[in-house]
Amino acid sequence: MAGIDLHTHSTASDGTDSPAELVGKAAQLQLGTLALTDHDTLDGLDEAEEAATTHGIRFIRGCELAVAYGGDELHLLAYWVPRASSALDAFIAGQHQRRRQRNQDMVARLVELGLDICMEDVVAVAGQGTVGRPHIAVVLKEKGYVATTTEAFERYIGRRGCAFVPRDLCSPQEGLSLMAGEGATMVLAHPCLSLDAPRSGWDALLRDLCRWGLSGIEAYHSAHSHTSVRLCVELAARHNLVLTGGSDYHGAAKPGVRLGVGSVNMRLHNLLLEKLQARRLSDGLPL
Ligand code: AMP
Ligand code: FE
Ligand code: FE
Ligand code: ZN
């Protein structure tokens, strides 16, 4: 039975395989279906889709969207993202503008602290992918301000670092309504990685997310323990959510996570995909 992977990243965001390389690897592993879900961008989808056609793999156009949740962020996976949507393009452009501003604000704080760093240094490290804190960390290391990128996060740009600026994200309602309104099927990504809320808080959150257009919950994920999976299964049953799964493969950026199986040897069954497709059809949406 051909496996599936519904959560992967390419060089279009913070993965290290190009979209076409990623699809090539999925073909080698004989995966039947692959979704590319780069962070806050649709840039890799056309290339991946073309490669998938060449390799005879079913491809789902996806995206992993970050939205604000308390002082933290939630990740939402969007599947069957439309090919052309001006509303979606404008939304993604807004996310990028806010991200650029945030990077600039963090670099400005570092300069205020007396460090010699500028945005050009950071952009040079990032290459073509989305620019973010990992690239600032590399610059700080290359310039000798820290010994490791981990230290860069601890001292400067991590949540408790002195140059940290939180991301300016849209609300879950805004993200879900827009994406679902444009015809995407929305899934809460790795909830047990994002949420340390007490158990009682989850039902209230999921009720809201469902009202705004959530259809599924990612129960099977590289970072989910058996207990997390069980909790997701219970929540899915209570809130009529479809269960999904994916590795969250990032290539060499997350060496312990393998395409198709993640870090815990998951077997992602095609049945998950069939249920997701059935949900779409029952919502009157095309596959
Ligand atoms: P950004 O999207 O710019 O906020 O950067 C987020 C990325 O930074 C995450 O995907 C991680 O890869 C990385 N990151 C976040 N916190 C840490 C940390 N404490 N140590 C190392 N990497 C981190
Ligand atoms: Fe990532
Ligand atoms: Fe994520
Ligand atoms: Zn991811």
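Every number for a ligand or one of its atoms is a count from 1 in the order of the listing. As a basis for the values below, the full set of heavy atoms in this structure was taken, side chains included, without hydrogen atoms, waters or symmetry mates.
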Rounded to 10 degrees, the angle ND1 of His75 makes with OE2 of Glu64 at the Fe ion (ligand 3): 90°
Glu154 heavy atom under 4.0 Å from ligand 1: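 In this structure, Glu154 fails to qualify as a contact of ligand 1 - no heavy atom is under 4.0 Å.
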Non-hydrogen atom of Arg159 closer than 4.0 Å to ligand 1: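 Judged by the 4.0 Å heavy-atom criterion, Arg159 does not count as contacting ligand 1.
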Heavy atom of the protein closest to atom 10 (O) of ligand 1 (residue, atom name, distance): Asp14 OD2, 3.9 Å
Atom 21 (C) of ligand 1: the protein heavy-atom neighbour that sits closest, reported with distance to 0.1 Å: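 Nearest protein contact, heavy atoms only, for atom 21 (C) of ligand 1 is Phe153 CD1, 3.4 Å.
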Pair Asp17 + Lys25: basic N to acidic O under 4.0 Å: yes
Is any side-chain heavy atom of [Y] closer than 4.5 Å to one of [X]?
X: Val122; Y: Val125; result: no
X: Val261; Y: Ser247; result: no
X: His224; Y: Cys232; result: yes
X: Asp208; Y: Pro172; result: no
X: Met179; Y: Leu76; result: no

Aromatic plane relationship, His39 with His9 - under 30° parallel, 30 to 60° tilted, over 60° perpendicular: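 Answer is parallel, since the angle falls under 30°.
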Element-labelled atoms of ligand 1 that are located less than 4.0 Å from some non-hydrogen atom of Arg102: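 Those of ligand 1 that fall under 4.0 Å from Arg102 are 1 (P), 3 (O), 4 (O).
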Close-contact set for ligand 1 against Arg99 heavy atoms, below 4.0 Å: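 Ligand 1 atoms under the 4.0 Å threshold to Arg99: 1 (P), 2 (O), 3 (O).
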Greater than 12 external heavy atoms within 6.0 Å of Glu174's CD: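 Yes - once you tally the heavy atoms of other residues, nucleotides and ligands closer than 6.0 Å, there are more than 12.
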Heavy-atom proximity to atom 12 (O) of ligand 1, best of Ala66, Gly132, Ala253, Pro134: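 When every heavy atom of Ala66, Gly132, Ala253, Pro134 is considered, Pro134 comes closest to atom 12 (O) of ligand 1.
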Where the Fe ion (ligand 2) is the vertex, angle from His39 NE2 to Asp14 OD2 to 10°: 110°
N/O separation below 3.5 Å, Thr150 to ligand 1: no
Heteroatom distance test (Arg133, ligand 1): nitrogen or oxygen, under 3.5 angstrom: yes
Short N/O/S contact of His7 with the Fe ion (ligand 3) (below 2.8 Å):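 Checking the Fe ion (ligand 3) against His7, no N, O or S atom falls under 2.8 Å.
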Whether Asp248 has an N, O or S atom under 2.8 Å from the Fe ion (ligand 3): no
Donor on one side chain, acceptor on other, Thr244 and Glu218, under 3.5 Å: no
Heavy-atom protein neighbour under 4.0 angstrom from atom 7 (C) of ligand 1: yes
